[in-house]
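Just so it is clear: chains get the letters A, B, ... in the order the sequence lines come, proteins before strands, and each one is counted from 1. Basis for what follows: all heavy atoms, side chains included, without hydrogens, waters or symmetry-related copies.
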Amino acid sequence: MKLATWNVNSLRVRLPHLLDVLARHAPDVACLQETKCEDATFPTAELAAAGYHALHHGQRTYNGVAILTREPAVEVCRGIPGFIDEQSRVLAADYRGIRVVSIYVPNGQAPGSDKFAYKLRWFQALQGWLRQELASSPRLAVMGDYNVAPEDRDVHDPAMWEGKVHVSAPERAALAGVMGLGLRDAFRLFDQPEGSYSWWDYRLNAFRRKMGLRIDHVLLSPALAAECRACTIDVEPRRLERPSDHAPVICELA
DNA sequence: ATGGTAGAAACTCTA
């Protein structure tokens with residue numbers, strides 16, 4: 001079983017890149033973030049032609065999450081139950097005995113801002129919900145754009161980023177709270193190259209200069225972590241013309 | 001330069 005997650009930053013624009021990623025990796029499950037489209041304009045037919053069923057929790061202009069699967073998924077849940085949120089950031093479904101969650105954590109803008117407070121509130125709601133999900137679904141994979149770099153080794157220049165959004169102590173504590181439920185960072189189950197990142201700012205030639213952050217994660221429950229065989233970041237799509245600013249994360253289970 | 005690029009959409013917001 002192979003899982004993938006990718007913040008595509010507009011599914012319409014990135015569809016050719018996505019089809020290439022699906023063809024090269026052939027994941028059984030692909031979680032997408034920032035589809036930036038409504039259900040009505042979701043490219044259902046193109047993805048079906050590539051061999052994928054799609055679930056979408058979309059909205060106009062911003063946000064939007066999807067789950068692609070080889071066969072239809074069931075027990076679909078849109079949003080965090082009990083948490084009122086106008087922004088489409090969470091989609092969950094059962095597929096082949098795995099509870100799959102595609103998440104797009106709020107960016108947070110800057111510490112001290114209203115958006116930052118929303119990010120921390122959102123994390124609290126996520127943690128409360130995932131505690132319940134773990135209890136009912138021991139085979140749980142929560143994957144997506146967390147907008148938090150867990151450790152300094154996930155940051156190209158920790159001194160420059162200290163206290164900044166994606167790296168600040170409150171955000172790291174919020175992510176640690178989620179991981180404290182027992183979820184493992186699949187990427188860190190294995191030896192990885194130094195300077196492994198999943199996002200590079202479009203500005204200042206950040207990708208070429210290797211100025212990135214690792215903010216996209218596959219978190220696995222203990223049962224799935226025990227079956228995890230590999231987890232890698234595919235930077236190739238970031239090299240293409242008109243790339244997403246994020247790279248896909250690929251995770252292989254036994 | 002309180003910067004810079006990209007996407008969606010509308011002439012601004014979000015990231």
Side-chain angles (χ1 to χ4, degrees), chain A residues 5-21 31-44 46-47 56-66 79 85-91 102-123 126 143-150 154-157 159-168 170-172 174-175 197-217 233-249:
Chain A
T5 184
W6 192 17
N7 180 324
V8 292
N9 187 16
S10 171
L11 182 51
R12 280 272 147 209
V13 171
R14 229 64 67 195
L15 186 58
H17 294 189
L18 175 61
L19 294 174
D20 178 64
V21 164
C31 294
L32 308 178
Q33 299 85 35
E34 285 206 88
T35 58
K36 292 186 172 179
C37 65
E38 295 174 293
D39 291 350
T41 55
F42 190 88
T44 306
E46 292 91 333
L47 291 167
H56 187 219
H57 181 34
Q59 73 179 79
R60 185 182 168 88
T61 309
Y62 302 120
N63 310 309
V65 284
D85 192 356
E86 292 181 355
Q87 306 186 23
S88 299
R89 297 182 173 278
V90 172
L91 180 61
S102 179
I103 68 167
Y104 175 45
V105 174
N107 174 288
Q109 192 180 51
S113 67
D114 289 349
K115 292 191 181 73
F116 193 82
Y118 165 62
K119 181 178 194 171
L120 296 183
R121 276 203 315 279
W122 198 95
F123 254 120
L126 179 73
M143 33 209 304
D145 178 358
Y146 284 77
N147 267 316
V148 180
D154 302 310
V155 180
H156 73 91
D157 184 346
M160 192 190 89
W161 278 89
E162 188 181 359
K164 300 278 201 309
V165 72
H166 309 308
V167 168
S168 74
E171 292 166 90
R172 284 181 167 174
L175 176 58
Y197 309 124
S198 67
W199 171 84
W200 303 260
D201 199 305
Y202 283 122
R203 297 165 289 190
L204 299 171
N205 234 327
F207 180 66
R208 190 183 55 75
R209 296 161 69 189
K210 305 184 187 307
M211 297 166 58
L213 303 177
R214 193 175 69 90
I215 58 176
D216 299 86
H217 309 299
I233 299 171
D234 178 11
V235 300
E236 292 309 314
R238 191 64 176 79
R239 304 185 199 283
L240 302 174
E241 290 292 318
R242 284 194 95 186
S244 169
D245 45 351
H246 294 254
V249 182

For atom [atom1] of [X] and atom [atom2] of [N], their distance in whole Å:
X: A:W122; N: B:dA15; atom1: CH2; atom2: P; value: 13 Å
X: A:R238; N: B:dA6; atom1: CZ; atom2: C1'; value: 10 Å
X: A:F42; N: B:dA8; atom1: CZ; atom2: P; value: 14 Å
X: A:H17; N: B:dA6; atom1: NE2; atom2: C1'; value: 13 Å
X: A:K115; N: B:dT14; atom1: NZ; atom2: C1'; value: 7 Å
X: A:E241; N: B:dA6; atom1: CD; atom2: P; value: 10 Å
X: A:Y118; N: B:dC13; atom1: OH; atom2: P; value: 18 Å
X: A:H246; N: B:dA6; atom1: NE2; atom2: P; value: 15 Å

**Asked** Looking across every strand, which nucleic acid part, if any, lies under 4.0 Å from A:Y104 by heavy atom: base, sugar-phosphate, or nothing?
**Response**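 Sugar-phosphate contact only - A:Y104 comes under 4.0 Å of backbone atoms but never of a base.
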**Prompt:** With nearest nucleotides of DNA chain B determined for A:H166 and A:R203 from heavy-atom distances, which residue corresponds to the more 5′ nucleotide?
**Reply:**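 Mapping each residue to its closest nucleotide by heavy atoms, the 5'-most match is A:R203.
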**Message:** On DNA chain B, does the nearest nucleotide to A:W199 precede the nearest nucleotide to A:K36 from the 5' side, or the other way round? Give the residue.
**Reply:**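 Looking at DNA chain B, the more 5' nearest nucleotide goes with A:K36.
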**Message:** Under a plain distance cut-off of 3.5 Å, with no hydrogens placed, do A:N7 and A:E34 share a side-chain donor-acceptor pair?
**Reply:**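 Indeed, the side chains of A:E34 and A:N7 share at least one donor-acceptor pair under 3.5 Å.
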**Message:** Just by distance, no angles: are the side chains of A:N9 and A:Y202 close enough, under 3.5 Å, to form a donor-acceptor pair?
**Reply:**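 Yes, because at least one side-chain N or O of A:N9 sits under 3.5 Å from a partner of the opposite role on A:Y202.
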Closest approach to the side chain of [X], judged atom by atom: which nucleotide of [options] is it?
X: A:E34; options: B:dG4, B:dA15, B:dA8; result: B:dA15
X: A:Y62; options: B:dA15, B:dC13, B:dA8; result: B:dC13
X: A:R60; options: B:dA8, B:dG3, B:dA9; result: B:dA9

Could you work out the separation of [N] and [M] based on their [atom1] atoms and round it to a whole Å?
N: B:dC13; M: B:dA9; atom1: C1'; answer: 10 Å
N: B:dC11; M: B:dA1; atom1: C1'; answer: 22 Å
N: B:dG3; M: B:dA15; atom1: C1'; answer: 16 Å

**Item:** Phosphate OP1/OP2 of B:dG7 contacted by A:R242 side-chain N/O (<4.0 Å)
**Value:**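 For B:dG7, OP1/OP2 do have a side-chain N/O of A:R242 under 4.0 Å.
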**Request:** Examine B:dG7: is either OP1 or OP2 under 4.0 Å from a nitrogen or oxygen in the side chain of A:R14? Give yes or no.
**Result:**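 Looking at the OP1 and OP2 atoms of B:dG7, one of them is under 4.0 Å from a side-chain N or O of A:R14.
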**Prompt:** Is the Lys NZ or Arg CZ of A:R89 less than 6.0 Å from the centre of A:Y104's six-membered ring, within 45° of the axis?
**Reply:**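 Positive - A:R89 is close enough to the ring of A:Y104 and near enough to its axis.
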**Request:** For atom CD of A:E236, decide whether the heavy atoms of other residues, nucleotides or ligands shown that lie under 6.0 angstrom number more than 12.
**Result:**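 Atom CD in A:E236 is packed in, count exceeds 12.
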**Prompt:** Once you round to the nearest 0.5 Å, how far does CG of A:L213 lie from NE2 of A:H246?
**Reply:**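 Going from CG on A:L213 over to NE2 on A:H246, the span is 9.5 Å.
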